[in-house]
Amino acid sequence: MVSHLTLIISLVGLLYLCHFHVEANSRPFQKKSCWMCDAPRCDRCVTSQWTTWNQCSAPCGLNGYQSRNRVVHQPSSCGAGSCQNLIAKEWRPCNRWCQNGGTPARWGCQCPLNYIGDCCETAYLGWSKWGDWYPCSKTCGGLGVQKRMRVCVGLLPINSTTCDSVCPGSNIETRACNTHDCPVEYNSLGCFKDGTPHALPLLLKSFRNNIDWNDMTKIVRACAEIAKERGLPIFGIQFYGECWSGLDAENTYNKYGPSENCWNGVGKKGTYHVYKI
């Protein structure tokens, strides 16, 4: 009886182990994770060949560039992220030159006198552009003249006959300049007292309603202009903004003696700051 029971227990154990072995061997195959299996191939990034360089953006000068491209045909086995630092487009300068001795510039060429065009490609025969105006011959007074010049240019030496036929007109142009009146020049004679009768008896104009207290020279200049127009060589500023003179001012301006009661080039009340044109 005991031997039968032992035999039954043994058979049950064998059946259980056999079932476990079959179940384990029948489970689906589990792949390892990608970072483990593909790690040796993560740096592979397959690209196309570079395209040909495209057309230059400028025919000449200093602004020409062209580019070419390539594309990713196959990302690496670890994904497209490993291709992110790949250079897919590159640039280079192009057409950095000018024809016929021109000088490359930002937006084209600076051409010699006898060539024109964006790249100095066309021969030219005729007047050049006008040059800059020369400085005016006068600084003021209405008699100033300034001039500018141009030259007759061509591929061949230019003589008087050729110039008359291809470059009619003058090579010099003039114009008037600095036509405004010159500012009045004057010198200070000093500060002087006034009395009765006035040392400078002729009131030319009062500027007391238009005083720029930050720049009293405006009053002095305005008074000088009026005195000059009236033909009066001596004038004085009294009470900050009154412009005085006289027909005999050269002999009367100092009749009451000097004073220290002036301020910023003008006299205060009862004093003149006197000037001579």
Side-chain angles (χ1 to χ4, degrees), residues 113 127-152 160 163 167-277:
L113 287 176
W127 285 119
S128 69
K129 294 180 179 179
W130 286 106
D132 295 332
W133 288 103
Y134 282 75
C136 190
S137 60
K138 301 287 184 180
T139 57
C140 58
L143 299 177
V145 177
Q146 61 183 163
K147 67 179 181 179
R148 62 179 181 175
M149 303 181 69
R150 59 183 178 176
V151 295
C152 191
S160 58
C163 193
C167 300
S170 175
N171 68 325
I172 299 176
E173 184 178 39
T174 61
R175 69 180 181 183
C177 53
N178 292 340
T179 57
H180 58 279
D181 292 335
C182 294
V184 180
E185 296 182 0
Y186 50 84
N187 297 313
S188 173
L189 297 178
C191 186
F192 298 92
K193 298 175 182 177
D194 193 16
T196 304
H198 289 298
L200 298 176
L202 183 60
L203 177 61
L204 301 181
K205 187 172 182 178
S206 175
F207 298 97
R208 285 185 50 79
N209 292 329
N210 297 289
I211 296 175
D212 183 350
W213 296 99
N214 294 316
D215 186 5
M216 300 304 292
T217 60
K218 293 180 180 179
I219 298 294
V220 180
R221 289 196 300 267
C223 187
E225 294 287 347
I226 295 175
K228 183 180 179 181
E229 291 176 2
R230 301 282 291 270
L232 301 170
I234 302 295
F235 67 94
I237 310 295
Q238 183 178 148
F239 203 14
Y240 302 104
E242 294 177 353
C243 178
W244 294 81
S245 186
L247 298 178
D248 194 31
E250 289 181 288
N251 298 315
T252 63
Y253 72 87
N254 59 355
K255 65 187 296 184
Y256 297 111
S259 172
E260 295 182 359
N261 198 30
C262 290
W263 174 78
N264 279 3
V266 299
K268 298 180 182 180
K269 188 172 183 179
T271 58
Y272 302 102
H273 195 120
V274 181
Y275 296 87
K276 182 176 182 178
I277 296 173

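The residues of the chain are indexed from 1 along the displayed sequence.
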**Student:** Quick one: which residue pairs count as a side-chain hydrogen bond (donor to acceptor under 3.5 Å, both in side chains) with a foot in residues 195-209, not counting sequence neighbours?
**Tutor:**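 Checked against side-chain hydrogen bond (donor to acceptor under 3.5 Å, both in side chains) - neighbours excluded - the pairs reaching residues 195-209 are D194-H198.
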**Student:** Check whether T271 reaches the backbone of N261 with its side chain - one donor and one acceptor, N or O, closer than 3.5 Å.
**Tutor:**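 Such a contact is found between T271 side chain and N261 backbone.
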**Student:** Please set out all donor-acceptor pairs under 3.5 angstrom arising from side-chain atoms of residues 217-224, sequence neighbours excluded.
**Tutor:**
| unit_1 | atom_1 | unit_2 | atom_2 | d |
| --- | --- | --- | --- | --- |
| T217 | OG1 | D215 | OD1 | 2.4 |
| T217 | OG1 | R221 | NH1 | 3.2 |
| K218 | NZ | D212 | OD2 | 2.8 |

**Student:** Check whether more than 12 heavy atoms from other residues, nucleotides or ligands sit under 6.0 Å from atom CG of L247, and answer yes or no.
**Tutor:**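 Atom CG in L247 is not crowded, with 12 or fewer foreign heavy atoms closer than 6.0 Å.
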**Student:** Within a radius of less than 6.0 Å around NZ of K268, do more than 12 heavy atoms belonging to other residues, nucleotides or ligands occur?
**Tutor:**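 Atom NZ in K268 is crowded, with more than 12 foreign heavy atoms closer than 6.0 Å.
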**Student:** Between F235 and K228, does a side-chain contact (heavy atoms from CB on, under 4.5 Å) hold up when you go through it step by step?
**Tutor:** CA-CA 9 Å; F235 67 94; K228 183 180 179 181; over 6 Å; no
**Student:** Is the closest side-chain heavy-atom distance between C152 and W127 below 4.5 Å?
**Tutor:**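 The answer is yes; the side chains approach within 4.5 Å.
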**Student:** Taking side chain as C-beta onward, heavy atoms only, is R148 less than 4.5 Å from R175?
**Tutor:**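 Of all side-chain heavy-atom pairs linking R175 with R148, none is under 4.5 Å.
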**Student:** Looking at CD1 of I172 and CZ of R150, how far apart are the two atoms once the value is rounded to the nearest 0.5 Å?
**Tutor:**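 Nearest 0.5 Å value for the CD1-CZ distance: 10.5 Å.
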**Student:** State, with a plain yes or no, whether a side-chain heavy atom of I226 is found less than 4.5 Å away from one of F207.
**Tutor:**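 In contact.
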**Student:** Can you sort out the partners of F192 under ring-ring contact (aromatic ring centres under 6.0 Å, His included), two or more places apart, ordered by chain and number?
**Tutor:**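 Once residues adjacent in sequence are excluded, the partners of F192 under the ring-ring contact (aromatic ring centres under 6.0 Å, His included) criterion are Y253.
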**Student:** A side-chain contact here means heavy atoms from C-beta on lying under 4.5 Å apart; do L200 and Q238 qualify?
**Tutor:**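 In short, these two side chains do not touch, never coming nearer than 4.5 Å.
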